[in-house]
Amino acid sequence: MRKILFIYVLMLATCFLTACSDDDNNAPTLSFGRPIYILKAAAPLAVEVISSVPVTESVRVPFDISGSAILDEDYTIETDAFTLEPGKTIDTIWITPKENVTTRREIRLALKEVNGFQLWNNRVAMIPVETKDVFSCSFEDSKYDLKNEVIVKMGLMVNGKMYYTRNDEVRVPFEIDPASTAVLGEHYEIVGGKQELVMVGNYKSTADVTLRFLKNEEGKDKVIFRMQEGGLFERGNNAATTITVSGPTTFKALVGKWAFSEITSESFIRRMAGYVDPNDCDNLPLDNRSTDVIQFIAGASNTLNVDQVQGDLLKYLRNCEAEFGEEGPWRLYEQTGMPSRDVITLYLSKANVNYSATSIDERRVFVGVRLLNKNTTLELRIVDYEPTDFLTRSYYDQLHPGWGEPDEFPMKDLYPLVFHFTKVEE
């Protein structure tokens, strides 16, 4: 692009080689600072008019604007005339690039006649316009779940590569599809009030917008955002995303019996432990059975009952009180793309953090809980544990990182024991 622009400027320059005037009189002269300027892709440009002598009174120097570049599309210009103030020989106007994405466009400025002055050599200024990069925009996820707040993210690519900010700001407009059933301002709100995803900051790679839950109403729980194409932005792979306005989860949604279905993080844990010691996974607690049933019971104190558990889960879980904490985004490292999802922090008044039948250390813990598949699947994330029978080398490494301090909960991100349970219909 820059090579083409350079050749283009050279072609324009040749047009001025014979443009010098042979006039020779005593009238003061006016001219542009130079015959050719370049409007950079993202930086304002200063254009000057110069008088050969200081003016004795205010002088207005108008100019014509033409060229293939389109005013208010490719650029804006603050005025259509210079003003030389008494005692001055120079004045400056500013041209600001806008959504200049079409190649080989230029601005042509031509000075108009001014009484008492002669137009000198640079009576015309040609301004080639550099083009901005076009962003290919794609929502990071095709689906989001709005409980309290959710951040909807969009990745931007330029020329097939991920774009990263360099202390600049990018605002990507989006539209709300008429097929949406949830009503803006009634069931949800856009924090900040603008229908745009914003990328701002040093070396940030995503644009985002935050939605906040307002109200639940049956049949009015879907929002569809579509990327608004045009100008600097074109559609990528995920041009639309659907947000389900589900609202905060309550303990009532957990109440009932849940039968063990599967452990979903085994392969991830084995991969992470493999970097430390493959034998670290020899005694993973994988003896979990379809007859293992956990039960949440509502009452004056909400409780967890594990009387029907006989497999390895019993090495950790205990009958105990269950207290709801916040529901907010957790990064799920074991899933493809490491998505951020809303997870309930559930405090259990007692669990054996050693996750062992022979080594017992009981204390208050927290686990992560999600409801999936229209509340028919419960995901239990055991992340607050101090293993003694398995992952011992990995646990030691997490407690003794090569730099910095260890995480408060060292097994939470890279070694989560994630179980799925199916709702037992009664």
Side-chain angles (χ1 to χ4, degrees), residues 1-134 166-169 231-232:
M1 169 59 206
R2 293 188 183 276
K3 182 178 179 182
I4 294 173
L5 184 63
F6 177 70
I7 295 171
Y8 186 45
V9 170
L10 288 179
M11 293 172 61
L12 288 173
T14 60
C15 298
F16 291 94
L17 292 178
T18 59
C20 296
S21 172
D22 293 326
D23 292 342
D24 185 15
N25 57 43
N26 295 324
T29 62
L30 293 171
S31 67
F32 287 108
R34 56 183 188 268
I36 296 177
Y37 297 80
I38 295 177
L39 180 60
K40 298 292 186 180
L45 169 68
V47 177
E48 314 89 4
V49 70
I50 299 174
S51 170
S52 60
V53 297
V55 299
T56 57
E57 60 183 12
S58 181
V59 177
R60 186 175 184 273
V61 185
F63 53 85
D64 287 322
I65 305 171
S66 59
S68 57
I70 300 174
L71 182 63
D72 293 329
E73 179 180 316
D74 296 307
Y75 70 98
T76 59
I77 191 166
E78 61 180 344
T79 182
D80 61 357
F82 297 93
T83 301
L84 291 167
E85 299 297 346
K88 302 294 185 181
T89 61
I90 188 169
D91 185 42
T92 299
I93 62 165
W94 288 90
I95 300 176
T96 303
K98 205 174 179 188
E99 295 187 354
N100 40 310
V101 296
T102 305
T103 59
R104 301 193 67 177
R105 284 186 175 179
E106 81 286 331
I107 306 164
R108 183 182 188 274
L109 303 182
L111 294 176
K112 293 184 179 181
E113 297 287 342
V114 178
N115 289 335
F117 290 84
Q118 176 187 351
L119 299 183
W120 199 235
N121 292 342
N122 299 337
R123 65 188 66 191
V124 174
M126 296 299 293
I127 309 171
V129 179
E130 273 192 359
T131 56
K132 283 187 172 74
D133 292 320
V134 175
R166 295 174 292 275
N167 286 320
D168 54 348
E169 181 178 284
L232 298 176

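It should be emphasised that the depicted structure is a prediction, and the values quoted were computed from it without experimental measurement. Because only heavy atoms are used, hydrogens play no part in the values below, and waters and symmetry mates are left out as well, while side chains stay in.
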To the nearest 0.5 angstrom, please state how far the CZ atom of F32 sits from the CZ atom of R123.
-> 11.5 Å

In this structure, CG of L84 is separated from CD1 of I50 (nearest 0.5 Å) by 10.0 Å

Table please: side-chain donor-acceptor pairs of residues 91-102 below 3.5 Å, with sequence neighbours left out.
from, atom 1, to, atom 2, distance (Å)
D91, OD2, T83, N, 2.8
K98, NZ, D72, O, 3.0
N100, OD1, K98, N, 3.4
N100, OD1, K132, NZ, 2.9
N100, ND2, E130, O, 2.4

Here the ring pair (Phe, Tyr, Trp, His ring centres under 6.0 Å) pairs for residues 40-71, sequence neighbours left out, are F63-F82

Spacing of OG1 belonging to T29 relative to CG belonging to L119, to within rounding of 0.5 Å | 9.0 Å

Tell me, please, which residues at least two apart from R108 pass side-chain contact (heavy atoms from CB on, under 4.5 Å).
-> S66, A110, V124, M126

Under the side chain to side chain contact (heavy atoms under 4.5 Å, CB included) criterion, do L45 and I38 qualify, and how do the steps go?
-> CA-CA 8 Å; L45 169 68; I38 295 177; over 6 Å; no

Check side chain to side chain donor-acceptor pair (under 3.5 Å) between E169 and all other residues, then give those that pass, not counting sequence neighbours.
-> R171

Any chance you could measure Y75, atom OH, to I65, atom CD1, to the nearest 0.5 Å?
-> 5.5 Å

How long is the gap from CD on E106 to CG on L39, to the nearest 0.5 Å?
-> 12.0 Å

All side chain to side chain donor-acceptor pair (under 3.5 Å) counterparts of E113, not counting sequence neighbours | none

For S31, all residues meeting side-chain contact (heavy atoms from CB on, under 4.5 Å), sequence neighbours excluded = W120, N122

Rounded to the nearest 0.5 Å, how far apart are CG of D64 and CG of L109?
-> 9.5 Å

Atom CD of E57 with >12 non-hydrogen neighbours under 6.0 angstrom | no

Considering only heavy atoms from C-beta outward, does the side chain of P35 approach that of N121 to under 4.5 Å?
-> no

Heavy-atom pair of closest approach, residues E85 and V55 | O-CG2, 3.1 Å

